[in-house]
Structure formats: structure tokens, C-alpha cells
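In each ligand, atom 1 is the first atom listed, and ligand 1 is the first ligand listed. All values derive from a computational prediction rather than experimental measurement. What's counted below: heavy atoms across the whole structure, side chains too, no hydrogens, waters or symmetry copies.
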Amino acid sequence: MAAVGPVVAREDAFRKLFRFYRRREGADLTGVIDFSTPVVTSQLSDQVSDQDAYRAGLQPVKQWGAYGLKGYPGEVHLCRWSPSKINGAVSTQVSKGSRKQEPKTLLEKLRWVTLGYHYNWDSKKYSADHHTPFPGDLAFLSGQVASACGFQSFQAEAGILNYYHFDSSLGIHVDESELDHSQPLISFSFGQSSIFLLGGLKQDEAPTAMFIHSGDIMVMSGFSRLLYHAIPRVLPNPEGRALPSCLEQTFPTDLPDGSVVDPCSEEDWQACTKYLHTSRINMTIRQVLAVGQSFPAESTMDKGPDTTSSSSYHQNDSKIKQHKPHINS
Ligand code: OGA
Ligand code: MN
């Protein structure tokens, strides 16, 4: 029987680990899973032809490393999918996104960009009237990745790009604003590394910690699509150089016929790689609506307080202070 006594505010297991890994000095990282030493190999589908992979700037699927985690069906971690370099800047529609404090340049201020159906951080919704065409190259790339993971009908409709520095983090949240959860989240990461915490269906379940390195793709689908997750920490890439070696090349000029990748000037490439010396970029691509679905008409009824979730991604929290979506020390 539970002891009767004063109710003591208890820090849940997820927050505890978040705080543990958030510590910049001295946190023991030996328990963090590194997919460069494989865990459980995942099967990929053979639906993506080498030609389509090539057009998207990808290695043939059979050369990708695909790993899963015990206890997390639907979570797939992909490595070695790119032929040694990332392919080009994605054209973006910049919505707002900056911190209130005073960094010096616009680039330093940038915290996020939204694409396609632009996510509204206040209402936590997407809507039909806040939309710009989703970039075709990124849609094609995401489609090939989804297809390799068994989601042939995935449509890239929204993207949130997060820009991190060594003092940034991303609060505990679940991505549930998309109306169709049967399609995966596809998350690409470039630049410096991070620790990713993958928890459970409830916010307080203890998460599993793993590294995400430059060039990794994480797919969250099925059971894992609605799990709580967070980035407590960004840390230097493990090679110990300013840039992970996969980014140290010049941009390819020998793009194949039918490539969806646009050429990128040497100057732009230099600017991107310089930025990534001290930054991490994550693009999480989403399908928002099921085929044939449309956004519900705005209800005038107030839903009332949201008790089901999460969204510490978007809320201020007295214990873990956040700027949305990042926490900064
Ligand atoms: C997100 C997200 C994770 C990351 O944008 O919803 O969870 O690796 N990003 O930055
Ligand atoms: Mn997320």
C-alpha cells in the first residue's frame, strides 16, 4: 500500500534524464546508443530503384545502414544513405523564428523555418490558408526515404527545420498536430551531433538516449510515431574536427540526368558548411492530411485546456524553461 504523506512534486523519469544529458560538463554518455555500432538491423523495402535513389542524390538503398531499437517498433535509424555529401540547400520559405535576446546577425538569430503547411506555434495547428508549395527536391527525397521504409504513398506536406547551436535544446514533445498519424515523420540531421531521447506514449516514461550524427535519418512510424521525444543536448561531431568529414567536400558538379538536386554555388556551399561548424540543422518532414482529407472547419467551441499532451515543445514550463521550440541555457 502506498504510504500516506505529503505530496511531493516528483520529477518524472523523462525530465530527469533530460536534465542529466542537458548538463554540458561531465555527463556520462556511455549509456547513449550509437548507431554507428549497429543495434538491431531493420529491413528496407526494395521499392526504390537505384535510378530514383540516384536522382534524389542517394546511394542505392541496399547500401544504406538501417537500424531499429528493441521495444520501439516503427523507429528506423538510417545511416550511409548519401554518397559522402549532402546535396544542396533546400529552398525555403522563411516564416518567423528567432529568440528575443540580441544575437548579432540574422543567421545567428534563426531558430526555425517552416515549409509547406506552415506550422503555427501558437495554435499548434496547420491550416489550409497558411501554405506555400512544398519544395519539390525535398519532397522527392523524403518520398524515396519513406518508400524505402515501406510507406509508398507518403506525401511531404509540411517541414519544420530546427537550427541548433551548442547551447540549444528541444523540449519534450510529441508531434501530433498532423491530422494523419499513419504516415511517418522523417527527420534528417546535418552538422554537429546531438543526443535524442525517445520516450513512451506518456510523457513521464523513461526514454532511451541515442546519438544523432550528421547524415543520419530517423524515421518514426507506427507505434513510434506518437512517442515523446526531445533533444537535450547538441555536441561536437565525434570526429573531433570542425566539420564531420561527410561535409568536407565541395559540392558535386557532376549531377546525374534527371537529378532533382539543384547545383549550388561554391560560395553558398562555403556559407552552409561554415554555419555547420558550430550548428546542427534538423529537418523533420511530415504528411499532414490523409489522401482526400481536408482541414476541419474552425469550430467556435473552445476545446478547453489541453490535458492530454505534451506539448512542452510549445509551453513554458516552470521546471524546464523554454523558448519555443528551443531551450537555451
Ligand atoms: C521536431 C523534432 C528532432 C531533432 O522538429 O519535431 O523532434 O532531431 N526534431 O531536431
Ligand atoms: Mn518532434
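Residues Y21 and S169 have side chains not in contact (no heavy-atom distance under 4.5 Å, counting atoms from C-beta outward).
Nearest N/O/S atom of H173 with respect to the Mn ion (ligand 2) is recorded as NE2. Looking only at N/O/S atoms, D175 comes nearest to the Mn ion (ligand 2) through OD2.
Numbered from 1 in the order shown, with element, the atoms of ligand 1 that lie under 4.0 Å from a heavy atom of R286 read 1 (C), 5 (O), 6 (O). The contact set between ligand 1 and R280, taken as ligand atoms under 4.0 Å from a residue heavy atom, comprises 4 (C), 8 (O), 10 (O). Close contacts between ligand 1 and H229 involve ligand atoms 7 (O) [criterion: under 4.0 Å to a heavy atom].
Contacts with ligand 1 closer than 4.0 Å are made by side-chain heavy atoms of D175 only, the backbone lying farther away. Contact annotation: for M218 versus ligand 1, there are no heavy atoms closer than 4.0 Å.
For atom 5 (O) of ligand 1, the nearest non-hydrogen atom from the set I160, L185, N162 belongs to N162.
Panel note: side chain E178, backbone Q287; no donor-acceptor pair is recorded below 3.5 Å. For Q47 (side chain) and A148 (main-chain N/O), no donor-acceptor pair under 3.5 Å exists by modelled atom type. In terms of modelled atom types and a separation under 3.5 Å, the side chain of S194 and the main chain of F196 share no donor-acceptor contact.
For ligand 1, the polar-atom distance check against S189 finds no nitrogen or oxygen pair separated by under 3.5 Å.
Under the 6.0 Å cut-off for aromatic ring centres, H173 and H229 qualify, their centroids lying closer than that.
Checked options Q192, H165, E108, K274; the residue passing with S279 is H165 (criterion: side-chain hydrogen bond (donor to acceptor under 3.5 Å, both in side chains)).
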